[in-house]
Amino acid sequence: MNIKQIAKKAGVSVATVSRVLNHPENVAPATRAKIQNIMEQEGYTPNWFAQGLNFNRTKTIGLVIPHTIGSCYMEIANGIEGVTRQKGYITFMCNMERDPQIEREYINHLITRKVDGIILMYSSLADEYMSMVRNEKIPVVLIGENELHPGWDSVMADCRNGAVQMAAHLVECGHETIGILGGKDPEHESKSIVQGVRNVLKASGKNDSMDLVYTVENSIEGGYIGAKKMIADRTSPGNGKPGDRIDAIFATSDEIAYGAMDAVKDSGLTIPDDIAIAGFGNYKMSNLIEPKLTTVEEPYRLMGIYGARILFDRIEEAATKKEPPKHIILKTKMRIRKSCGHKERIGEMF
């Protein structure tokens with residue numbers, strides 16, 4: 001059975017069946033369901049390759065992610081795939097394993113396979129290489145902070161402002177010496193968070209020493225090792241000057257914060273009475289561990305949704321003259337819980 005026979009049996013035009021295949025969101029739900037049921041009953045399978053030749057599209061996009069381990073990356077990917085499925089597209093997910101060379105190789109493969117668009121998540125590439133992609137006229141959208149965003153469509157969270165708000169909250173809670181556990185990746189986002197915290201500490205007259213910034217792997221293990229070293233350096237009697245004793249730790253990811261919490265407990269200290277902890281991301285586990293983790297929520301899924309929508313706007317753009325790059329910056333939100341030492345109206349801010 002072909003598309004004309006499907007249309008005849010459904011009592012609709014061939015164009016309507018084509019829209020169900022290519023842009024199902026533009027067809028009334030009842031009509032769409034009727035056509036899809038007929039296709040299923042008849043065992044109709046669209047020839048996507050032939051459709052690609054007709055419309056100069058392959059109905060595929062490429063998604064390059066830093067790593068499959070990070071839950072934040074998977075949440076962004078979930079937002080992207082929700083949009084691509086609605087559009088009737090297939091997503092090729094490529095794990096670059098935090099290696100720029102692997103990222104370049106994947107992009108080359110995606111170009112060779114004629115994908116209709118590419119989304120790069122927390123890209124580590126330089127603009128010199130990306131000029132080749134631009135020459136291929138393949139739409140590209142960047143998600144997450146990186147050095148490429150001025151000339152490309154991008155979506156990111158306002159991490160620096162989120163860090164500023166959380167650091168100010170720690171200061172308001174009375175914490176005097178705040179150590180920072182900065183993850184090595186995502187590189188640009190971590191640096192932005194660290195700088196936001198340091199700006200607050202400097203403005204409030206608190207510690208602003210780079211000695212209190214420990215660079216760690218962005219993992220639970222990295223957080224544990226970094227916090228253990230920080231505690232040994234800054235809480236033992238006789239170490240440092242008076243007032244240098246750490247009473248709060250700010251981690252640039254929730255995973256790092258989880259490790260730091262274990263390190264504090266294993267050192268015979270309590271959270272938040274001895275050392276308060278704050279993280280970044282608001283992963284699902286952050287509301288389940290004890291004490292529950294105070295953190296900055298990033299709108300990961302929303303970042304994916306906006307990124308995919310921009311990409312499809314570019315793919316479907318008929319005009320020869322493209323619009324200027326779109327830059328969407330989404331707000332973060334503080335999630336105040338028990339780990340930071342805040343005692344007032346915890347229930348309301350939970």
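Within the model, atoms CD of Glu97 and CD1 of Ile102 stand 4.5 Å from one another, a figure rounded to the nearest 0.5 Å. Rounded to the nearest 0.5 Å, atoms CD1 (Ile38) and CD1 (Ile6) are 6.5 Å apart. The OH atom of Tyr214 lies 11.5 Å from the CD1 atom of Ile180; values are rounded to the nearest 0.5 Å. With values rounded to the nearest 0.5 angstrom, Met166 atom CE is found 6.0 Å from Phe250 atom CZ. Separation of atoms CD (Glu40) and CD1 (Ile35) is listed at 14.0 Å; rounding is to 0.5 Å. Here SG of Cys340 is found 14.5 Å from CD1 of Ile275. Values are rounded to the nearest 0.5 Å.
With sequence neighbours excluded, no residue forms a salt bridge (charged side-chain N to carboxylate O under 4.0 Å, His left out) with Glu81. Here Lys9 pairs with Glu42 under the side-chain hydrogen bond (donor to acceptor under 3.5 Å, both in side chains) rule; sequence neighbours left out. Listed by chain and number, the residues in a ring pair (Phe, Tyr, Trp, His ring centres under 6.0 Å) with Phe312 are Tyr89 (sequence neighbours excluded). For Tyr122, the ring pair (Phe, Tyr, Trp, His ring centres under 6.0 Å) partners at least two apart in sequence or on another chain are Tyr73. In terms of the salt bridge (charged side-chain N to carboxylate O under 4.0 Å, His left out) criterion, Lys331 has no residue partners (sequence neighbours excluded). Asp247 meets the side chain to side chain contact (heavy atoms under 4.5 Å, CB included) test with His175, Glu176, Thr177; sequence neighbours excluded. With sequence neighbours excluded, no residue satisfies salt bridge (charged side-chain N to carboxylate O under 4.0 Å, His left out) with Lys228. Applying the side chain to side chain contact (heavy atoms under 4.5 Å, CB included) test to Ile328 and every residue at least two apart in sequence or in another chain returns Val155, Tyr306, Ile310, Leu330. The salt bridge (charged side-chain N to carboxylate O under 4.0 Å, His left out) check on Glu290 picks up Lys292, with sequence neighbours excluded. The side chain to side chain contact (heavy atoms under 4.5 Å, CB included) search around Thr60 returns Thr58, Ile90, Phe92, Val115, not counting sequence neighbours. Residues meeting the side chain to side chain contact (heavy atoms under 4.5 Å, CB included) test with Ala157, sequence neighbours left out: Cys159, Glu298, Pro299, Met303, Thr332.
Ion pairing of Arg160 with Glu145 is absent here, as no side-chain N (NZ or NE/NH1/NH2) approaches a carboxylate O to less than 4.0 Å.
Between the side chain of Arg32 and the main chain of Val27, a donor-acceptor pair closer than 3.5 Å is present. For the pair Ser192 (side chain) and His188 (backbone), a donor-acceptor distance under 3.5 Å is absent. Remark: the backbone N or O of Leu269 is not paired with any side-chain donor or acceptor of Ser267 at under 3.5 angstrom. With hydrogens and angles ignored, the 3.5 Å screen pairs no side-chain donor or acceptor of Thr295 with any backbone N or O of Ala278. A donor-acceptor pair is defined here as one N or O able to donate and one able to accept, closer than 3.5 Å; such a pair exists between the side chain of Asp254 and the backbone of Phe280. When atom types are taken as modelled, the side chain of Asn78 and the backbone of Met74 share no donor-acceptor pair closer than 3.5 angstrom. Of the possible polar contacts, none joining the Asn146 side chain to the Ser124 backbone as a donor-acceptor pair under 3.5 Å is found. Side chain of Ser286 to main chain of Asn282: no donor-acceptor pair is present (N/O by atom type, distance under 3.5 Å, no hydrogens or angles). Put simply, the side chain of Gln5 gets close to the backbone of Asn2: a donor and an acceptor are under 3.5 Å apart.
Under the 4.5 Å side-chain criterion, counting only non-hydrogen atoms from C-beta, Ile178 is not in contact with Leu212. Counting heavy atoms from C-beta on, the side chains of Thr16 and Ser13 come closer than 4.5 Å. Side-chain contact between Val216 and Ile225 is absent, with no heavy-atom pair separated by less than 4.5 Å.
With respect to Met96, the side-chain contact (heavy atoms from CB on, under 4.5 Å) criterion is satisfied by exactly one of Ile107, Val64, Leu125: Val64. Tested against Asp153, the residues Arg134, Arg309, Arg314, Lys326 include a single salt bridge (charged side-chain N to carboxylate O under 4.0 Å, His left out) partner, Arg314. For the pairing with Ile143, the side-chain contact (heavy atoms from CB on, under 4.5 Å) check across Leu63, Ile65, Ile119 returns one residue only, Ile119.
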Step-by-step side-chain contact (heavy atoms from CB on, under 4.5 Å) determination, Val83 to Leu311: CA-CA 10 Å; Val83 177; Leu311 186 68; over 6 Å; no
Verify side-chain contact (heavy atoms from CB on, under 4.5 Å) between Met230 and Asp233, making sure each step is shown before the conclusion. CA-CA 5 Å; Met230 185 181 289; Asp233 290 347; 5.8 Å; no
Could you walk me through whether Asn218 and Ser190 pass the side-chain contact (heavy atoms from CB on, under 4.5 Å) check? CA-CA 10 Å; Asn218 191 3; Ser190 292; 5.6 Å; no
Assess whether side-chain contact (heavy atoms from CB on, under 4.5 Å) is satisfied between Val171 and Leu201, documenting all intermediate values. CA-CA 8 Å; Val171 170; Leu201 298 180; 4.2 Å; yes
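No donor-acceptor contact under 3.5 angstrom links the side chains of Ser219 and Tyr224, judged on distance only. A donor and an acceptor atom, one from each side chain of Arg198 and Gln195, are nowhere located under 3.5 Å apart.
Applying the 6.0 Å contact sphere to NZ of Lys8 captures no more than 12 heavy atoms from other residues, nucleotides or ligands.
Under the 30°/60° scheme for interplanar angles, the aromatic rings of Tyr283 and Tyr258 are found to stand perpendicular.
Closest heavy-atom contact between Pro272 and Lys338: CG-O, 3.4 Å. Across every non-hydrogen atom of Ala77 and Met121, the tightest pair is N-CE, 4.2 Å. Ile246 and Gly179 get closest at one heavy-atom pair: CD1-N, 3.6 Å. The two residues Lys87 and Lys59 come nearest to each other via the heavy atoms O-NZ, 3.5 Å. Between Gly226 and Leu181, the shortest heavy-atom contact is C-CD2, 3.8 Å. Scanning all heavy atoms of the two residues, the minimum distance from Ile305 to Gly79 falls at CG1-O, 3.6 Å.
Listed by first then second residue, pairs satisfying salt bridge (Lys or Arg N to Asp or Glu O under 4.0 Å) with a partner in residues 181-195 read Arg98-Asp185, Lys184-Glu217, Glu187-Lys191, not counting sequence neighbours.
Linking Ile, Leu, Val, Met, Phe, Trp and Tyr whenever their side-chain heavy atoms come within less than 4.5 Å puts Val164 and Met334 in one cluster.
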